[in-house]
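Some notes on the structure that comes next.
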Amino acid sequence: MTNTGLSDEEAHRLLERCGPNELGKQKKTTLRSRIFAQLRDPLILVLLVAAALTVATGDFADAVVICVVVLFNTTVGVAQEVRADNAVAALSAMTAPTARVTRDGVEQQVPSSTVVPGDALVLGEGDIIPADAALTYAVALLVDESALTGESVPVDKDTHATGPQAGQLQAGTVVLRGRATATVTATGADSALGRIAASLHARQQLTPLQKRLAGLGRVLALVTVGLCLLVLALGLIRGQSLETMAVTAISLVVAAVPESLPAVVTLGLALGARRMAARNAVVRRLSAVETLGSVTVLATDKTGTLTEGRMVVERVWTPQGTATLGGTGYAPAGDLKALDQDDSHASGSIEAARELLVAAALCNDASLIPPGTDSPQWSALGDPTEAALLAAAAKAGCAHDDLVRTHPRVGEIPFDSLRKRMLTVHSTSSGTFEAFLKGAPEMVLDRVLLGDSPALLEQARREAARLSAQGYRVLAVASGSLDTVPDLLDDAESGLRLLGLTAISDPPKPTAVTTVEACRRAGITPVLITGDHPATARAIALRVGILTGEKDAESAHRIATGAELAAGHVPDLTAVRVFARTTPQQKLDIIQAWREHGDVTAMTGDGVNDGPALRQSDIGVAMGRRGTEVARQAADLVLADDELPSVISAVEEGRRVYANIRRFLFYALAGGAAEILVMLAGPLFGLALPLRAGQILWINLLTHGLTGVAMGAEPVSPDAMRQPPRPPQQHILGDGLWQRVLRLSLLVTATSLAASLWVRHSGGPWQTVLFLALLAAQLGVSLGLRERLFTRRNLYLPAAVAVAAGLGMAAVYVPFLADLLETSRPTGTGLALAMAAGLVGFAAARAEALWSRTHRPNRRPSV
Ligand code: ATP
């Protein structure tokens with residue numbers, strides 16, 4: 001079975017020759033195709049038509065302005081797309097699948113894409129098989145091939161089995177149980193997965209928000225076109241020339257429609273994803289960024305997520321008495337002491353405890369790693385529960401290596417979360433065999449399995465309940481002698497003798513308490529779903545605050561077990577805060593119930609069976625280090641540091657992205673609406689053609705193009721996580737945004753027109769002042785909408801405003817631009833009035849921002 005595998009050098013050579021183990025990379029988008037895609041945008045096409053029209057009529061000034069706008073929009077569009085794509089590509093690299101191979105005799109984790117034919121794969125529960133391979137060694141290997149064959153019944157795989165596919169593993173299938181090694185036979189397009197790859201090529205799809213915004217964009221475009229036709233008609237009625245009015249109307253359409261919206265949204269989502277990754281939360285789909293912002297329920301598992309996951313056996317109960325174990329962590333240092341004072345009893349209970357620990361160390365797949373360069377402390381490979389048992393045995397003077405040598409394993413039924421127990425059979429030097437069983441007390445303390453007296457079993461059950469209530473993870477251990485190894489290993493699970501119970505402590509992480517608090521403040525309901533005992537789950541839930549106190553814990557249906565769910569004894573799953581002894585299937589029911597209740601769920605999971613529930617929840621969260629490959633690939637969010645607070649950071653980033661998109665929409669729509677209103681209302685006050693086409697486009701360039709894009713990077717609001725989540729169904733313009741757009745645009749229109757009319761009254765250059773006032777008011781709005789006015793984060797925005805203001809002044813004072821845009825020098829009063837309009841815009845936006853912070857209708861109540 002030992003296979004030293006390829007050498008690193010051979011592997012490299014083969015990789016060069018056979019190519020990466022990937023299913024045909026998607027073609028890279030070229031710069032040219034990106035530019036063409038931008039130029040195909042309907043609004044840009046309209047602008048190009050307008051440019052042709054202006055050239056035809058000899059209006060070269062407007063033609064130049066239009067070309068500048070097209071050039072600027074295309075450049076910004078392409079640059080944003082490239083940035084977004086790069087961010088997404090970096091993310092997919094972070095969550096790319098990995099595989100374990102033995103090379104040069106050393107087991108190592110490598111990206112699946114670098115696996116080559118001839119590699120020696122090492123496979124365990126939860127692994128996705130990276131390439132086609134032939135089994136070389138297998139223990140109780142069960143493989144789910146449904147991804148390839150559609151066959152939902154898992155298949156036993158064995159090196160000895162006969163049949164066409166018996167010893168063959170196929171790329172893309174999943175190890176549900178057991179361990180194996182295998183030699184890779186085909187990779188990439190040559191593998192089974194490669195042969196059906198065409199159907200698997202999933203492109204990043206548009207997120208729901210992107211789709212909704214595309215719809216909104218269409219509606220806005222229609223409304224704007226309608227209004228601009230009205231401007232055109234009114235201009236013609238007033239005797240303006242058709243060419244002038246056509247170009248003006250087209251420019252107005254271009255200015256009023258927030259054409260940079262899709263780019264702002266995509267970039268906002270992609271940069272949000274990048275910021276999340278920097279905070280250890282790596283999203284696997286862009287849509288997860290927006291969904292995260294509206295999460296209302298966080299369902300978490302216990303071990304390693306809420307608790308340290310560094311388990312320590314503290315007590316060993318045996319029928320002879322109780323022993324305690326000292327020491328911390330996985331270091332084999334600490335004493336086994338009897339709780340009894342009486343010496344004769346004490347030695348009996350120590351002996352019995354040692355016998356139990358030997359059994360638990362043999363019925364075990366973990367291993368302990370001494371301190372080294374990687375870790376200054378003892379660490380563990382494998383299941384932490386088992387590692388704790390190994391450490392305890394070592395503390396009791398039973399070295400694992402010696403035990404394995406004297407008791408080679410000849411058979412096993414591995415642990416799985418349905419049976420909640422594990423059996424191993426070992427040969428002894430005397431030629432007989434011994435069976436060791438360990439597992440959850442209620443799955444082991446059973447008369448079908450154990451030959452002990454009912455009184456002893458009852459006593460053990462009471463002890464197990466007492467220890468669980470103290471927050472311990474309790475395992476029962478039993479053993480039995482066998483003359484032969486039964487053909488069906490299940491037959492070894494009878495007539496065994498109870499050795500006792502181990503009480504394993506796994507204290508809550510300090511961050512678990514703060515995370516639960518943060519959830520509550522942010523209106524997110526924390527729920528615990530665990531395979532552990534209800535008493536253990538209750539104790540931990542109380543300690544971390546998922547249950548708020550004894551009264552909460554005692555309320556009806558606050559804690560439910562898998563058995564109660566199965567019997568239909570729980571009327572409302574959304575009332576439950578702690579689910580214990582649940583099966584993976586029940587996780588699906590729980591998530592479904594919350595979703596039907598209208599909630600947005602995030603659920604953590606790392607086991608091989610968690611895939612479906614991770615997929616079903618709105619945000620499946622997998623642990624990057626601890627989680628299985630299956631869980632990682634099924635998840636929407638992978639926590640690089642395995643720490644739950646990273647989910648909260650991700651929610652915060654999600655809320656920030658959403659808030660920034662809404663802020664941009666508010667700004668862009670209010671500005672666009674003001675431009676149309678000025679053009680519609682101006683003539684009523686005697687301003688025949690309020691703004692010229694070039695001027696409208698210039699304002700558009702400086703407001704939407706420069707400042708709007710900078711808005712996407714605004715920092716998160718300080719109280720974003722002190723508010724309940726937005727309702728999932730809320731329209732992007734909901735929660736009063738529509739009304740705010742209308743209010744602000746009316747105010748900006750009125751202020752700009754007032755400034756212009758004042759100047760006109762004294763015979764000044766009213767059009768230039770209107771142009772400057774409208775621009776200044778919008779720039780004022782962009783600053784006023786900031787959550788924190790003087791924050792040093794996102795200096796892009798003040799810089800963009802400064803550049804825009806400079807270019808606005810240049811439009812008036814630089815002769816060449818003034819000719820192009822047909823502006824003239826304003827008087828001192830005119831300039832002062834334009835600045836005043838800027839201040840009004842700023843103050844109005846500030847008032848709106850304050851108002852929206854204090855009045856939040858339609859919010860979900862805090863849970
Ligand atoms: P959590 O929410 O804490 O992560 P879980 O859902 O992962 O819990 P399981 O690992 O399925 O829970 O464990 C369920 C029960 O099975 C445990 O309470 C314990 O009694 C028992 N158990 C756990 N690990 C083993 C093991 N390696 N061998 C035998 N029994 C085990």
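These numbers come from the heavy atoms of this one structure, side chains and all, not from hydrogens, waters or symmetry mates. The shown structure was predicted, so the numbers you read here are calculated from the model rather than taken from an experiment.
Looking only at distances, a side-chain donor or acceptor of T707 sits under 3.5 Å from a matching main-chain atom of L702. Judged purely by atom type and a 3.5 angstrom limit, Q767 uses its side chain to pair as donor or acceptor with the backbone of P690. Judged by distance alone, the side chain of D636 and the main-chain N or O of V283 form no donor-acceptor pair under 3.5 Å. With R663 contributing its side chain and L785 its backbone, the two residues share a donor-acceptor pair below 3.5 Å. Put simply, the side chain of W698 never gets that close to the backbone of A693: no donor and acceptor are under 3.5 Å apart.
Within the 4.5 Å cutoff, no side-chain heavy atoms of Q695 are placed close to those of L774. Looking at heavy atoms from C-beta onward, S782 lies in side-chain contact with V801 at the 4.5 angstrom threshold. In this structure the side chain of T248 never reaches within 4.5 angstrom of the side chain of R692, judged on heavy atoms. Using a 4.5 Å cut-off on side-chain heavy atoms (C-beta onward), L831 and M809 make contact.
When each of L236, L689, L680 is checked for a side-chain contact (heavy atoms from CB on, under 4.5 Å) with V231, only L680 meets the rule.
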Inset, instruction - Just do the side chain to side chain contact (heavy atoms under 4.5 Å, CB included) check on L697 and L701 with the steps written out, would you? - result: CA-CA 6 Å; L697 288 176; L701 195 70; over 6 Å; no

Inset, instruction - Could you go through the side-chain hydrogen bond (donor to acceptor under 3.5 Å, both in side chains) check for Y667 and T703 one step at a time? - result: CA-CA 9 Å; Y667 171 65; T703 53; 4.7 Å; no

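A donor-acceptor contact closer than 3.5 angstrom is absent between the side chains of N660 and E714. Using modelled atom types, one finds a donor on one side chain and an acceptor on the other under 3.5 Å when comparing S646 with D641. Side-chain atoms of R793 and T791 form no donor-acceptor pair, as typed in the model, at a separation below 3.5 Å. A side-chain donor from one of Q778 and E675 sits under 3.5 Å from a side-chain acceptor of the other. Side-chain contact, Q633 with R284: a donor N or O sits under 3.5 Å from an acceptor N or O.
More than 12 heavy atoms of other residues, nucleotides or ligands shown are found within 6.0 angstrom of CZ on F72. More than 12 heavy atoms of other residues, nucleotides or ligands shown are found within 6.0 angstrom of OH on Y813.
The cationic group of R740 lies under 6.0 Å from the six-membered ring centre of F666 and within 45° of the ring axis, placing it in a cation-pi geometry.
Salt bridge status for R656 with E653: present, with a side-chain N to carboxylate O gap under 4.0 Å.
Considering every non-hydrogen atom in both V812 and T768, the closest pair reads CG2-CG2, 3.8 Å. Residue P765 comes nearest to V759 through the heavy atom pair N-CG1, 3.7 Å, listed as atom of the first residue, atom of the second, then distance.
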